[in-house]
Amino acid sequence: MKILMITMSLFSMIGCSHAQVQQDDFIVKSVADGIYVHHGEHLDIDTGYQGDICNISFVVGSKGVAVIDTGGSLKVGQQLQAAIRKVTPLPVLYVINTHVHPDHIYGNAAFLPKNQSEPKPEFVGHEKLGNAMDVRSEQYTKLNERFLHDDAKGSELIKPTLVVKTMLELDLGDRVLVLNAHPLAHTNTDITLIDRKTGTLFAGDLLFIERTPVVEGDIKGLIAEIIKLKNSPAKQVVPGHGPVTQDWVAALGNAERYLSVLLNDVRASIKSNVSMEKTMDTAAESERNQWRLFEIANRRNVNTIYPVLEWE
């Protein structure tokens, strides 16, 4: 039987950044009053994916809880749910997905009610998220079966029941979360949200810290949204990957710098008729030592943006 441990009484130390709930090796840390974050590992999807590589979080109000991303499998979602129950008996009112990538959404099923007497949370996402899930369902199912094996079982896609078109406010009781939908950037389904009470911004994958940023959608759009985020009233930021930071303007600047160097280098290669394959070996080379998983992530980024930039 798995043993659940609370390293200290969470109810007596709300707001202590060192507080944590631990279930085996699944750790959730308190990073502000009512804000809890589990940090995924910096593992690449092709070499070490186990469904737990991104940040997943929850926010506790007086009425209930909002979950922000749920991990890459039902198992991870269940671990998060168990951690929530060690903190509060309040119901989960909202399950929010910051975008469509599988490491952020496949734990959703853990928050479906077990019987008809249990309340069902609203599943919240970008207005384009449901369609994106449909389009990617077969691809993601194969990916999960390939990498997660038995842990892939039960990891069904749960689409939004409440969508964010531009801005949406969610009241958890004595705290309001403000959600904003973004144009094409990291993906075409990006949302961010800020907790007004603590000034905690959940940036999703618009911000990577330590780990090499990933471009799937549009690199120019991603740079533009990162620049806009610098005007946020946030006091601290939870990135999609990497540590929570109060030095978040600098973190956004680091991501912007990498992406700008990558964009300029790929454009230069195209202008000089350097092939995409050779560009993978040279683009953003000056950034190599600044990021984890650079070799594989940077090559993928070049593969994504090179064909698009050829048509500028």
Side-chain angles (χ1 to χ4, degrees), residues 37 39-45 53-55 98-99 101 103-104 180 182-192 194 199-272 274 276-310 312:
V37 179
H39 294 285
E41 297 186 57
H42 289 318
L43 298 171
D44 181 70
I45 200 163
I53 65 171
C54 72
N55 292 333
T98 60
H99 63 289
H101 283 161
D103 52 316
H104 294 257
N180 286 284
H182 293 265
L184 182 62
H186 174 66
T187 69
N188 68 338
T189 59
D190 298 317
I191 64 170
T192 57
I194 189 166
T200 302
L201 173 68
F202 297 86
D205 279 8
L206 294 184
L207 178 60
F208 283 60
I209 297 178
E210 298 180 346
R211 184 184 180 118
T212 307
V214 170
V215 183
E216 181 202 285
D218 176 62
I219 188 169
K220 291 177 284 186
L222 180 52
I223 292 170
E225 293 309 298
I226 287 172
I227 291 172
K228 290 177 186 177
L229 283 180
K230 291 181 180 180
N231 295 317
S232 169
K235 295 180 180 178
Q236 67 174 356
V237 172
V238 181
H241 300 261
V244 177
T245 183
Q246 295 181 352
D247 194 12
W248 53 272
V249 175
L252 288 166
N254 290 337
E256 179 192 352
R257 185 195 67 240
Y258 161 72
L259 293 166
S260 297
V261 170
L262 176 64
L263 175 61
N264 291 335
D265 285 359
V266 172
R267 279 174 167 164
S269 288
I270 292 170
K271 186 176 181 179
S272 300
V274 177
M276 182 172 72
E277 289 72 19
K278 290 184 178 179
T279 302
M280 288 181 182
D281 295 328
T282 59
E285 182 63 25
S286 62
E287 291 286 311
R288 176 178 293 275
N289 295 329
Q290 305 301 316
W291 303 97
R292 298 182 65 171
L293 300 174
F294 178 87
E295 177 67 23
I296 191 164
N298 188 65
R299 292 179 68 85
R300 287 196 192 116
N301 287 340
V302 173
N303 187 68
T304 297
I305 70 173
Y306 188 104
V308 178
L309 295 174
E310 283 186 297
E312 280 191 313

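Small disclaimer: the values here were computed from a predicted structure and weren't measured.
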Worksheet item: Do Thr187 and Asp190 meet the criterion of a side-chain donor-acceptor pair at a distance under 3.5 Å?
Response: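 On atom types as modelled, these side chains qualify, holding a pair under 3.5 Å.
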Worksheet entry | Arg300 and Asn303 side chains, donor-acceptor separation under 3.5 Å | no
Item to complete: Might you work through the side-chain contact (heavy atoms from CB on, under 4.5 Å) test for Ile209 and Val237, ending with a clear yes or no?
Response: CA-CA 10 Å; Ile209 297 178; Val237 172; 6.0 Å; no
So which heavy atom on [X] is nearest to which on [Y], and how close?
X	Y	result
Cys54	Asp103	SG-O, 3.1 Å
Pro183	Glu225	CG-OE2, 3.4 Å
Leu184	Gly217	CD1-CA, 3.8 Å
Val261	Ser286	CG1-OG, 3.8 Å

Expected output: side-chain [X] to main-chain [Y] donor-acceptor under 3.5 Å:
X	Y	value
Asn55	Gly242	yes
Thr192	Phe202	no
Asn264	Ser260	yes

I need the [X] [atom1] to [Y] [atom2] distance, nearest 0.5 Å.
X	Y	atom1	atom2	value
Asn298	Arg288	CG	CZ	7.5 Å
Ile219	Tyr258	CD1	OH	7.0 Å
Ile223	Leu252	CD1	CG	12.5 Å
Trp248	Ser232	CH2	OG	4.5 Å
Leu259	Asn254	CG	CG	11.0 Å
Asp265	Ile305	CG	CD1	9.0 Å

Worksheet item: side-chain contact (heavy atoms from CB on, under 4.5 Å) between Arg299 and Asp281: does it pass, once the steps are laid out?
Response: CA-CA 7 Å; Arg299 292 179 68 85; Asp281 295 328; 2.6 Å; yes
Check whether any side-chain heavy atom of [X] lies under 4.5 Å from a side-chain heavy atom of [Y], and answer yes or no.
X	Y	result
Glu312	Lys220	yes
Leu262	Glu287	no
Met276	Pro307	yes

Practice prompt. Apply the test side-chain contact (heavy atoms from CB on, under 4.5 Å) to residues Leu229 and His182: give CA-CA distance (whole Å), side-chain angles for both, the deciding distance (0.1 Å), then the verdict.
Written response: CA-CA 11 Å; Leu229 283 180; His182 293 265; 4.3 Å; yes
Worksheet item: With a cut-off of 6.0 Å (strictly less than), are more than 12 heavy atoms of other residues, nucleotides or ligands near NZ of Lys230?
Response: yes
Practice prompt. Would you check, one step at a time, whether the test side-chain contact (heavy atoms from CB on, under 4.5 Å) holds for Ile53 with Arg211?
Written response: CA-CA 11 Å; Ile53 65 171; Arg211 184 184 180 118; 4.1 Å; yes
Practice prompt. Hey, can you tell me if Phe208 and His241 have their rings parallel, tilted or perpendicular (30° and 60° cut-offs)?
Written response: parallel
